[in-house]
Every structure is written in structure tokens, then in C-alpha cells.
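Just so it is clear: chains get the letters A, B, ... in the order the sequence lines come, proteins before strands, and each one is counted from 1.
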Amino acid sequence: MTSFRFTKELRLRSQADFDRVYAADHFAADGVLVIRGVANELDHCRLGLSVSRKVGNAVVRNRWKRLIREAFRLAQHDLPPGLDLVIRPKAGAVPNFDAIRRSLPQLAARVAKKVRQNRN
RNA sequence: AGAGUUGACCAGGCAAUCGCUGGCUCUUUUGAGCGAGAGGAAAGUCCGGGCUCCACAGGACAGGGUGAUCGGUAACGCCGACCGGCCGCGAGGUCCGGGAAAGUGCAACAGAAAGCAAACCGCCGCGCACCAUUCGAGCCCCCGUCGUUAUGAGUGGGCGCGGUAAGGGUGAAACGGUGCGGUAAGAGCGCACCAGCAGCGGUGGCGACAUCGUUGGCUAGGCAAACCCCACCUGGAGCAAAGCCAAGCAGCAACCAGAGGCGGUCCGUCUCGUGACGAGUUGCGGGUAGGCUGCACGAGGCGGCGAGCAAUCGCCGUCCUAGAGAAAUGAUUGCCACCGCGCCAGCGCGGCACAAAACCCGGCUUAUCGGUCAACUCUGGGG
RNA sequence: CGGGGCGUAGCGCAAUCUGGCUAGCGCGUCUGCAUGGGGUGCAGAAGGUUGCAGGUUCAAAUCCUGUCGCCCCGA
């Protein structure tokens, strides 16, 4: 049976991890999310969130983070493996769970393609 | 029935599945089970306190804050009651409300004048005899002269001196109001009533204050959210405080004998003890970015009884109820509430606020869909 | 957590400390003249709830209180 648990091993938790992602500078975006990614040495993906104060007040920011985490949890086995992803909301977008679930795998695939091209 | 005032409270509910963060138990690698898991404002960070570290003999002055009275409180700039001004028919609301008969200062424009009073126009008296006009024969006496363009008198204007503040007009504001007397004209100049002030006394109240009597003087302007005066309060920093453990690195310079430290300043006080090291302080540089404590039993919640108008307090019983560090409550459904719209009248669709702890607590302020309850007021109708 | 600053015309700034004077200046905008047309030039005009709400005062952009938004600094 496949596990959909979401533990601390699946998250980016240090400033160094975030710096690695920003230094690689592979990103993809649509009307809902902006994703940056870089390859890690693991067999699964890890998630980092960046939701600034300009997105809204504390309730809106928490809403975004929870919806993105939930989408990542449910989609974790459908994503290209071995990526560290930093996700932030697109400026002006409103938090909607269905839109995030559709957007996340597509953008992750595009980031994975860019990472492979850059490696070659 | 309608219109309103004030206060208290709720913040959709019950389940299912997949997940998240602490706690306990089991397993002792994965994990499993049980139970807990945001608010009335958690917000803004505007006040106050607890707690921790630093400083501290004491005093004075600065600086900052508060401002009727009495009470509540750990404390407050908060709360309650009460007093006063203003608003409302009323229930109530609101102002916070010390001092301008200590001093300095400010008031554009207009106006004579903007502050201890003064006097532009005006009114009144006296003087001059310059102008106009009316009357028409003269003067204390004598002599002379003048003769209707003289002289004198009256009226009006003018000039000078003085009295006055009733009236005029300006302004946000002009030194009580009305009436009678009084006067050359006037004026608290005198009197009566009213408004208002100060002193003294009585009564009620802990008090602010209210009220009554009496005496005095007739009026004392506004702004202190201008400086200021008075009374009271007031060390600094903040949980990234602070303490412990582990890991790791590299030190350098300046200051030190009459000098240094001591809240913003001063009085004063403290430390060191004859010259260098160390310590210390300051500055520059280097290393670390891990863990634990602080950290949730507290001015605590709920219920009852009692004291008090109330804020609040006392006693008894009972309960333990979030605690992270890339940061925990979400997703998908079902049923039932509430609101709106549509129609085939019980179905469909849509909506369901403001907003999320980060050391803790007491307040204040601000945001907020909708709903419940209580007390009271006014108006209309009926009995 | 602590501290500081700023909101005035479409834009950039004065006047705020010390309350009163027509809320002013530059760029921009509009109209007219000159040109075949445009730029330039000349002449003239419009444009402001002084972020918002209360209060003090005769009078508030200015003083006081609350509130909203933005920016910066330190730990």
C-alpha cells in the first residue's frame, strides 16, 4: 500500500537548502503557482514554501501554505523523483485547492525537464 | 404595535475517510493505540504588571507621564459609583474636567480701541469771535470815533480746552442685564429685581459638591491639546531576556596613578593602590547557527454561598484545558441548522463575517456576517 | 521585540517647527496665437475632502488623540 504521509523528511528545513534552489534558478510558473527546483541526491521530492507578507494577512498566508502542502502530499508519488521544490503563490492569485492540484504536477514536470537539460 | 437606549452572550452543529503538531502507553527499526490541539478580538502594539538580567547609599534638578471626587486593583492613562459642564422629551450619551483675581506670550482681517483700559464718530459744558444767517441801535460813566458791511445777542458750522461712555459701527470676542431716579450730558453715581464673583457662617455628604443665610465689591474676558505654575507617579533593557550542556575558533588595538566607574546633569559616593601583568571596559577581527531549561498551575476556568449600589473581594467545591521553530487544525464527502434567489412548494442553486497564539496576564483601541436574551425609555391604540 | 521616518494637484516637492496671509513652485494636461503639419516659442486656463475620523481653538495642512497605508534601521 502506498503511503501518503507527509513527514519532516519531505520538507526543506534550512537556509542552505533554500539557497541551493535559488542558486540553480530553474523555475516554472502559471496563473496560480511559481515553482523553483533543483536536483537532490534522494529518491523523493522535498517541499519548501515561500509565502511573503504581500500575499495577504496571516489567515490568507496559512491558507496558501496548507493547500500547497495538501496538494504536495497527495501528488508526491506522481512527481518526478529527486527534486527540491520551492513553491510560492503567483502574485494576485486567490487560493483554490483544485487549481493548485492541477497546476503542481505540470509545473514540476517542466522544472524537471529544465534540470535535466541543464545537467546535460 | 412602532421607535429607541444600555448591557450580557453565541461565533454553525453531528459524523466518515486521508493527513498534521505536542503528550501518555505499547513496540523498542518501521510504527500502533488513547486523549488533546487558536480568538473575542489571538490583531494593532497604545498603556499597566509579573518574570529575567544590568545598575543602584542618599539628595536636588532636569526629562517623561497623569490630572474633579471617592473607591476597586498587582498596577494602570483601565474599571465602578458619584459631582460638574454640554446634548437629548426620556431611558441615556458625551467632555475628561487642576490653575488665566502668579508671571511671560498669542489673537489674522475688520475696527477708534484686542486688554491693567483708552476715546474715532457722537453727546454735554466753557472759551475764541474765523464763516454763514436772523434780530435791529447801541456800551458802567465821560469825551471822541464809528453808523446798517458797525456793535451786541441768538442759531448753525469751525477751532481750542475739558467732561462722558448712554448711543453708532467692526469682530469669534469690546469690562454685567432691565427699569426708575439722577445729571450740563452721562455713568453702579444711587435704588429695586435678575445673572454672576469673593469672604464668613449654617445644613446635607467620607469627599468633589449642593443648598440656605449674611457681608463686601459692583464685574474680575479667551487660549495652558502656547511656555508655564501646582499636585502625584516615574531606573534601563527585554524570553532573540536569562541560565546550563556540547561543538568550534585566532587573536589584535586603545584605556589604567590621580585615574576610572556610577541612569541625563550636579552635589556626592564607590573601586583600585603607586606600576606592570592580569582582570575589566571599548573598538576591530575570528568561530558557532546544535540541544536542554525558561515554557504553561495561572492576579487560572466553572459552579455555589456571602459582603458591596457597583467595579470587585472573601470562603467552599470542582477541573487541568494549545504550546511550534521553514513553524501544527487542512482536504474530500454526507445529514441537519441559518440567510438570499428561483420555481413545479419541497426541491435546486448560491452564501455563511472579522480574523489565527509564539513568555504570561490585566486593560484600551480597531475589524466583524448574522443571531439570542435581559432591563429600561418615548409615542399611539385597547382593557 | 525595539526604534525612526513619510502620506499635500497626474508626478516630484514647498508651506507644518512658530495656527490666520489666495495652500505655492517645477514638470505634465487643456485652450488660443504663430507653422502647410509637428516640435520649440508666446499668452491664458483648469486641476486639492492637505490619507481617514474625532477633538482643542474665533480659526487647523499646521496642535492633540485614535486609525489606515508605505518605507527604513537594530537585535
Side-chain angles (χ1 to χ4, degrees):
Chain A
M1 170 180 169
T2 309
S3 171
F4 288 97
R5 303 194 67 243
F6 182 66
T7 60
K8 284 185 180 179
E9 287 72 28
L10 297 177
R11 304 184 205 171
L12 294 182
R13 302 188 64 202
S14 73
Q15 186 64 48
D17 292 335
F18 278 81
D19 288 344
R20 235 163 43 79
V21 174
Y22 286 122
D25 196 28
H26 303 306
F27 78 95
D30 59 11
V32 183
L33 299 175
V34 176
I35 299 185
R36 293 167 186 275
V38 71
N40 60 20
E41 302 305 317
L42 306 170
D43 59 353
H44 56 77
C45 285
R46 294 193 298 176
L47 172 67
L49 292 168
S50 171
V51 182
S52 84
R53 203 162 56 84
K54 307 209 172 186
V55 173
N57 60 27
V59 173
V60 173
R61 296 199 300 272
N62 272 336
R63 178 85 182 156
W64 269 109
K65 289 190 273 190
R66 285 166 182 155
L67 292 179
I68 294 171
R69 266 199 295 270
E70 180 71 7
F72 181 86
R73 182 181 74 83
L74 294 172
Q76 55 182 294
H77 301 295
D78 304 325
L79 297 176
L83 285 177
D84 282 346
L85 301 173
V86 173
I87 304 180
R88 67 175 173 87
K90 182 78 175 179
V94 294
N96 179 278
F97 185 65
D98 291 333
I100 293 170
R101 283 209 65 179
R102 283 195 302 273
S103 170
L104 178 61
Q106 298 171 9
L107 295 176
R110 284 163 55 188
V111 169
K113 188 177 171 187
K114 284 196 177 184
V115 169
R116 281 196 306 274
Q117 286 175 348
N118 186 263
R119 188 178 291 165
N120 299 337

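Side-chain atoms of A:R36 never come within 3.5 Å of backbone atoms of A:F27 as a donor-acceptor pair (strictly under, hydrogens ignored). With hydrogens and angles disregarded, a donor-acceptor distance shorter than 3.5 Å links the side chain of A:N57 to the backbone of A:V60. Not a single donor-acceptor pair under 3.5 Å links the side chain of A:Q106 to the backbone N or O of A:S103.
Applying the 4.0 Å criterion to OP1 and OP2 of B:rC20, one finds that A:R11 has every side-chain N and O outside that range. The side chain of A:R63 contributes an N or O atom lying less than 4.0 Å from OP1 or OP2 of B:rA331. Between A:R73 and B:rA331, a side-chain N or O to OP1/OP2 separation shorter than 4.0 Å is absent. OP1 or OP2 of C:rC71 has at least one side-chain nitrogen or oxygen of A:K54 nearer than 4.0 Å. OP1 or OP2 of B:rA328 lies within a sub-4.0 Å distance of a side-chain N or O belonging to A:R69.
We find that CG of A:L104 is positioned 20 Å from P of B:rG330, with the value rounded to whole Å. Following rounding to the nearest Å, A:F72 (CZ) and B:rC18 (C1') show an atom-to-atom distance of 17 Å. Between A:L85 atom CG and B:rA326 atom P there is a gap of 19 Å when expressed in whole angstrom units. Rounded to an integer number of Å, the gap from A:N62 CG to B:rA42 P is 18 Å. Between A:H77 atom NE2 and B:rC18 atom P the separation is 15 Å, expressed in whole Å. Note: CZ (A:R66) to P (B:rA327) measures 12 Å, nearest angstrom. As rounded to whole Å, 11 Å separates atom P of B:rU329 from atom CG of A:L67. When the P atom of B:rG19 is taken as reference, atom CG of A:L10 falls 13 Å away, rounded to whole Å.
With a 3.5 Å ceiling on both atom-pair distances, the Watson-Crick or G-U wobble partner of B:rA32 is B:rU25. B:rG12 is paired with B:rC336 under the Watson-Crick or G-U wobble criterion, all donor-acceptor distances under 3.5 Å. Using N1 to N3 plus N6-O4 or O6-N4 for Watson-Crick, or N1-O2 and O6-N3 for G-U wobble, each under 3.5 Å, B:rG37 pairs with B:rC20. The partner of B:rC262 is B:rG268, by the rule that a Watson-Crick or G-U pair needs both atom distances under 3.5 Å. In this structure, B:rC193 and B:rG177 make a Watson-Crick or G-U wobble pair, each of the two defining distances being under 3.5 angstrom. Under the Watson-Crick or G-U wobble criterion, with both distances below 3.5 Å, B:rU379 is paired with B:rA1. Checking B:rC56 for Watson-Crick or G-U wobble geometry (two distances, each under 3.5 Å) identifies no partner in any strand. Base-pair partner of B:rC341: B:rG348 (Watson-Crick or G-U wobble, both distances under 3.5 Å).
Among the heavy atoms of the strands lying under 4.0 Å from A:N57 are primed sugar atoms or P, OP1, OP2 only; no base atom is included. At the heavy-atom level, A:L74 lies nowhere under 4.0 Å from the strands shown. Across all strands, A:R101 comes closer than 4.0 Å to no nucleic acid atom at all (heavy-atom distances).
RNA chain C forms stems at C:1-7 with C:68-74, C:10-13 with C:24-27, C:29-33 with C:41-45, C:51-55 with C:63-67, each a run of 3 or more consecutive Watson-Crick or G-U wobble pairs whose two key distances fall under 3.5 Å.
When each of A:R61, A:R63, A:K65 is paired with A:P95, the side chain to side chain contact (heavy atoms under 4.5 Å, CB included) condition holds for A:R63 and for no other.
Base orientation for B:rU203: anti, the chi torsion being more than 90° from 0. In this structure B:rG40 sits in the syn conformation; its chi angle is within 90° of 0. The glycosidic torsion of B:rG325 lies within 90° of 0, placing the base in the syn range. Its glycosidic angle being more than 90° from 0, B:rA374 falls on the anti side. Here B:rU27 is in the anti range [glycosidic angle more than 90° from 0].
Expressed to the nearest 0.5 Å, how far CZ of A:R102 lies from CG of A:N96 amounts to 7.0 Å. A:L33 CG to A:L67 CG: the interatomic distance, rounded to the nearest 0.5 Å, is 10.0 Å. We find the CD-CZ distance between A:E9 and A:R11 to be 9.5 Å, quoted to the nearest 0.5 Å. Atom CD of residue A:Q76 and atom CG of residue A:L47 lie 10.5 Å apart, to the nearest 0.5 angstrom. With values rounded to the nearest 0.5 angstrom, A:I35 atom CD1 is found 5.0 Å from A:L104 atom CG.
Here the side chains of A:D17 and A:V21 are not in contact, with every heavy-atom distance at 4.5 Å or above. No side-chain heavy atom of A:D78 sits under 4.5 Å from any side-chain heavy atom of A:P105.
Nucleotides B:rG67 and B:rG77 have their P atoms positioned 7 Å apart, rounded to a whole Å. Nucleotides B:rG261 and B:rA279, compared at atom C1', are 15 Å apart to the nearest Å. Rounded to a whole angstrom, the distance from the C1' atom of C:rU29 to that of C:rA75 is 50 Å. Using atom P as the reference point in both C:rA23 and B:rG88, the two lie 35 Å apart (nearest Å). Atom P of B:rA355 sits at a distance of 25 Å from the matching atom of B:rG340, rounded to the whole Å. Of the C1' atoms belonging to C:rC25 and C:rG48, the separation is 15 Å, rounded to the nearest Å. Annotation: B:rU368 and B:rU52 have their P atoms spaced 42 Å apart (nearest Å). On the C1' atoms, B:rA374 is 28 Å away from B:rC87, given to the nearest whole Å.
Place A:T7 and A:A58 on RNA chain B by their nearest nucleotides, and A:T7 ends up nearer the 5' end.
Applying the 5.5 angstrom centroid cut-off and the 30 degree plane-angle cut-off, the aromatic ring of A:F6 is not stacked upon the base of B:rG19.
With distances taken from any side-chain atom of A:E70 to the nucleotides B:rA356, B:rA326, B:rA331, the minimum falls on B:rA331. Closest approach to the A:F18 side chain among B:rG330, B:rA326, B:rA355 is made by B:rA326 (side chain taken as heavy atoms from C-beta onward).
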